[in-house]
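Chain identifiers are assigned alphabetically (A, B, ...) following the order of the sequence lines, protein sequences preceding nucleic acid strands; residue numbering begins at 1 within each chain. Keep in mind that this is a model prediction, so the values were computed, not measured.
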There are 2 protein chains.
Amino acid sequence: MPSIEALRLFVEAAAHGAFSEAARRLGKSQSTVSAAIANLEVDLGVVLFDRSARLPVLTPAGRHLLANAEQVLAAQDRLLRAAAGLAAGHEPRLSLALSDTYQPERLEALQSELAARYPELALECLIAESDDLLALIDSGRAQLGFVERQPYYPPDIEYAATAPSQMGLYVSPRHPLAQNSRIEPAQLDAHRALRLTTVQAGTAPRARGHNWSAPSYLMLMEMAQGGFGWAELPCWLVERYGGNTLQMLPLPGWPRLLTIDVVWSRRRPPGPAGVWLLERMTDSRP
Amino acid sequence: MPSIEALRLFVEAAAHGAFSEAARRLGKSQSTVSAAIANLEVDLGVVLFDRSARLPVLTPAGRHLLANAEQVLAAQDRLLRAAAGLAAGHEPRLSLALSDTYQPERLEALQSELAARYPELALECLIAESDDLLALIDSGRAQLGFVERQPYYPPDIEYAATAPSQMGLYVSPRHPLAQNSRIEPAQLDAHRALRLTTVQAGTAPRARGHNWSAPSYLMLMEMAQGGFGWAELPCWLVERYGGNTLQMLPLPGWPRLLTIDVVWSRRRPPGPAGVWLLERMTDSRP
DNA sequence: ATGATCTATCGCTTTTATCGATGGTATCCA
DNA sequence: TGGATACCATCGATAAAAGCGATAGATCAT
């Protein structure tokens with residue numbers, strides 16, 4: 001059962017080619033290194049160094065086991081760093097709940113800096129809309145959420161505005177509405193609407209006529225591409241993934257800017273990494 | 001600096017949800033486990049278990065660090081297994097030198113069993129022909145080689161026959177020889193031959209006329225596909241990678257069977273894994 | 001030859017790992 | 001409501017080992 005310290009001495013000695021040098025670098029006495037490596041060789045049943053020369057030189061077997069020892073040390077370093085982060089109050093994982101309305105560009109720009117600042121953080125992205133998303137936040141399943149501004153927030157949910165997202169009304173070019181060069185709002189009611197729904201019970205979709213609905217904007221967009229009706233969609237989503245198969249309706253007042261809120265739970269506030277991300281998302285908006 | 005044993009106790013306790021159970025399984029006393037985990041928590045600065053209930057239950061931080069601890073133990077297990085293998089005389093790596101004449105099917109069939117039998121073995125495949133390959137074996141760079149039978153082997157090279165490989169004479173369909181329904185050997189001399197060459201000096205290519213040559217059958221095949229001459233190629237290579245761009249010449253006595261030898265050095269004999277593979281390659285031939 | 005710089009080894013001290021015993025507490029069953 | 005049975009934390013005591021300094025032998029450069 002080789003000890004971690006013995007492995008560290010082994011790696012250091014192999015790296016510098018001398019036991020004394022390893023002892024100096026690790027703040028131990030030379031005899032300690034000599035004895036520790038001798039013990040390690042007994043434990044492993046393998047001669048690691050050829051000591052016939054003035055300086056010890058790794059045997060082929062030692063060279064092979066050196067790679068294994070370095071892996072052990074690397075794993076232990078990760079453990080220690082993760083523990084140090086947790087001890088400093090860092091959350092072990094940060095779960096984000098994203099609405100399709102949120103364009104991911106700004107988040108992606110921050111991810112590399114987030115990874116550098118919290119190297120042991122596990123980042124998770126969930127997709128949900130409105131009520132589903134708030135439920136994720138409220139239950140603690142996710143710590144931060146990005147949604148279009150809701151008409152009502154539960155008392156435990158805190159929110160702050162972030163960069164807005166542009167929304168447009170889209171139909172397939174084959175759709176009857178696609179021909180008109182100008183459309184009045186009343187005309188929309190004559191055609192099928194494609195709306196967001198949520199799996200969350202309680203909030204009945206305010207249906208007028210028989211709308212079609214889907215739980216994500218991506219599915220709504222595919223329905224619109226199928227020509228089944230008109231849908232309000234994030235412009236960035238259509239531009240990025242819609243190809244040229246959708247057409248924006250020229251209604252007065254459209255496309256409109258939709259306020260995107262970042263939301264979190266007051267009872268289960270996000271940890272340092274979440275707060276850091278939160279500040280970055282709300283502070284400077286382009 | 002957490003010790004390996006403490007990590008093992010931690011993982012075992014977390015896996016079974018009880019310190020006593022971990023103590024029983026690892027043959028330690030209950031107090032040892034209790035103290036070791038308490039020390040570990042101090043070392044890491046993180047509370048791993050919530051002890052308010054009857055049985056200790058992992059904290060979120062503990063659950064996160066558990067994954068790290070398991071990685072450390074896994075790395076240490078690999079180290080110990082590798083050391084045990086080396087102590088048993090296993091070679092740390094096995095390098096094979098393969099000729100293009102050798103069809104890799106039989107070798108591939110044995111690789112999974114080899115990996116199961118020697119899990120810590122690093123396997124390496126080199127490509128070389130005739131003299132180059134023998135040089136790899138003789139220098140110790142590779143331990144086993146598979147070549148067409150050579151007219152002469154150096155004294156330190158041992159060899160044994162293995163499954164033969166079928167060789168054919170091929171040309172591009174655009175080549176003049178491709179039209180004939182029967183060819184006499186003398187006709188070949190009238191056209192350019194594509195032959196193997198080696199980077200090894202000393203053995204001058206027995207050139208008659210100005211042959212073209214390349215150091216691998218794969219390059220020879222591509223030359224033949226270009227219509228630059230005729231080449232003797234392994235049938236399996238043409239069938240597998242040649243597409244339909246090559247045509248076999250109908251010479252009497254062709255295609256012929258080429259004896260494939262497995263060769264190794266007498267001065268640097270292969271280790272147990274190499275010997276095991278050697279026996280499997282020579283014993284039962286289909 | 002000489003000084004410098006290695007490594008191996010030998011006592012000695014200090015640390016720590018481990019054990020058994022003890023006490024407190026929760027769970028289950030009669 | 002007890003009693004039995006688990007479980008965990010804590011406390012000395014002891015044995016193991018980790019570490020250090022000193023020393024001796026070996027090698028290299030000057």
| message | Assuming nearest nucleotide by heavy-atom distance, tell me which of A:S31 and A:A53 is located more 5' along DNA chain D. | response | A:S31

| note | Rounded to whole Å, CG of A:D50 lies from C1' of C:dT7 at a distance of 13 Å

| request: Identify which nucleotide among C:dA8, D:dA9, D:dC8 has an atom closest to any side-chain atom of B:R51, counting heavy atoms from C-beta outward. | output: D:dA9

| Within this structure, what is the CG-to-C1' distance between B:L40 and D:dA9, rounded to whole angstrom? | 17 Å

| message | Using OP1 and OP2 only, check whether a side-chain N or O of A:T32 sits under 4.0 Å from D:dC20. | response | yes

| said: Does C:dA8 have OP1 or OP2 under 4.0 Å away from a side-chain N or O of A:S34? | reply: yes

| C:dT7, C:dC19, D:dC7: which one has an atom nearest the side-chain heavy atoms of B:P56? | D:dC7

| Atom CG of B:L26 to atom C1' of C:dC19: distance rounded to whole Å? | 16 Å

| request: Let me see the working for A:D131 and A:Q150 under side-chain contact (heavy atoms from CB on, under 4.5 Å), right down to the final yes or no. | output: CA-CA 9 Å; A:D131 290 338; A:Q150 300 291 299; 4.3 Å; yes

| task | Side chain of A:L55 only, please: which of C:dG20, C:dC6, D:dC8 is the nearest? | result | C:dC6

| query | Can a donor-acceptor pair under 3.5 Å be found between the side-chain atoms of B:R54 and the base atoms of D:dA6? | reply | yes

| request: Indicate, with a heavy-atom threshold strictly under 4.0 Å, whether A:G17 touches base, sugar-phosphate, or nothing. | output: nothing

| task | Could you check whether B:E5 gets within reach of a base, just the sugar-phosphate, or nothing at all, counting any heavy atom under 4.0 Å? | result | nothing

| Stepwise salt bridge (charged side-chain N to carboxylate O under 4.0 Å, His left out) check, A:R268 with A:D156 | CA-CA 9 Å; A:R268 313 171 194 263; A:D156 282 339; over 6 Å; no

| task | Under the side-chain contact (heavy atoms from CB on, under 4.5 Å) rule, what do A:L26 and A:T32 come out as? Steps first, then yes or no, please. | result | CA-CA 11 Å; A:L26 297 181; A:T32 296; over 6 Å; no

| field | Spacing of A:L48 atom CG relative to C:dT7 atom P, expressed in whole Å | value | 15 Å

| said: What is the separation between atom CD on B:Q30 and atom P on C:dC19, rounded to the nearest whole Å? | reply: 11 Å

| request: Answer yes or no: does atom OH of A:Y153 have more than 12 heavy-atom neighbours from other residues, nucleotides or ligands under 6.0 Å? | output: yes

| Rounded interatomic separation in angstrom, taking CD from A:E41 and C1' from C:dA8 | 12 Å

| Rounding to a whole Å, what distance do you find between B:I37:CD1 and C:dT18:C1'? | 15 Å

| Step-by-step salt bridge (charged side-chain N to carboxylate O under 4.0 Å, His left out) determination, A:E41 to A:R51 | CA-CA 13 Å; A:E41 288 179 320; A:R51 295 159 166 87; 3.0 Å; yes

| request: Ignoring backbone atoms, establish whether B:R24 has a side-chain N or O less than 4.0 Å from OP1 or OP2 of D:dC7. | output: yes

| said: Regarding B:S20, tell me which of base, sugar-phosphate or nothing describes its non-hydrogen contacts under 4.0 Å with the strands shown. | reply: sugar-phosphate

| remark: Rounded to whole Å, CZ of B:F19 lies from P of D:dA9 at a distance of 5 Å

